[in-house]
Amino acid sequence: MELADRAVGFLLSITSLSIFTYYTFWVIILPFVDSDNFIHNYFLPQEYAILIPVCAGVVLLCLLCIFIGFVLLKSKKKKA
């Protein structure tokens, strides 16, 4: 089981590093590259650089609130 946990951890680390590198390049470096360069074909428009993380944050916050609500309702039922 320990080997499977290490493999999952390694996969999550590589995925996180890839997303971080892509986003950093997209937000910090790409604005300084000419707009007619071919590298712009691999990235979404700049507006999405703010829109995607904000939407993801709102979704995560909603899911967290729903989870906390379920936990509170369950604990209330156990006491009663």
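Just so you know, these numbers come straight off a predicted model, no measurement behind them.
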Drop me the distance from [X]'s [atom1] to [Y]'s [atom2], to the nearest 0.5 angstrom.
X	Y	atom1	atom2	result
E47	I52	CD	CD1	11.0 Å
N37	F32	CG	CZ	15.0 Å
L73	K77	CG	NZ	6.5 Å
I29	I39	CD1	CD1	10.0 Å

Between [X] and [Y], is there a shared hydrophobic cluster once you connect ILVMFWY residues whose side-chain heavy atoms come closer than 4.5 Å?
X	Y	answer
L61	V71	no
V58	Y48	no
L60	I50	no
V33	F38	yes

Practice task
Keeping the roles fixed (side chain from Y23, backbone from A49), state whether a donor-acceptor pair exists under 3.5 Å.
Solution key: yes
Handout entry: Side-chain donor/acceptor of S16 to backbone N/O of S13, under 3.5 Å
Key = no
Handout entry: Any C55 side-chain heavy atom under 4.5 Å of L51 side chain
Key = yes
Practice task
Decide yes or no for F20 and T24: does some side-chain heavy atom of the first lie under 4.5 Å from some side-chain heavy atom of the second?
Solution key: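 When only atoms from C-beta onward are counted, T24 and F20 do touch, with a gap below 4.5 Å.
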Practice task
Mark yes when over 12 heavy atoms from residues, nucleotides or ligands other than L3 sit less than 6.0 Å from its CG; otherwise mark no.
Solution key: no
Exercise for the section: If the plane angle is over 60° it's perpendicular, under 30° parallel, otherwise tilted; pick one for W26 and Y22. Expected result: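 Aromatic pair W26/Y22 classed tilted.
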Handout entry: F25: partners by ring pair (Phe, Tyr, Trp, His ring centres under 6.0 Å), with sequence neighbours left out
Key = F43
Practice task
Compare every heavy atom of H40 with every heavy atom of L30, then report the nearest pair and how far apart it is.
Solution key: CG-CE1, 3.5 Å
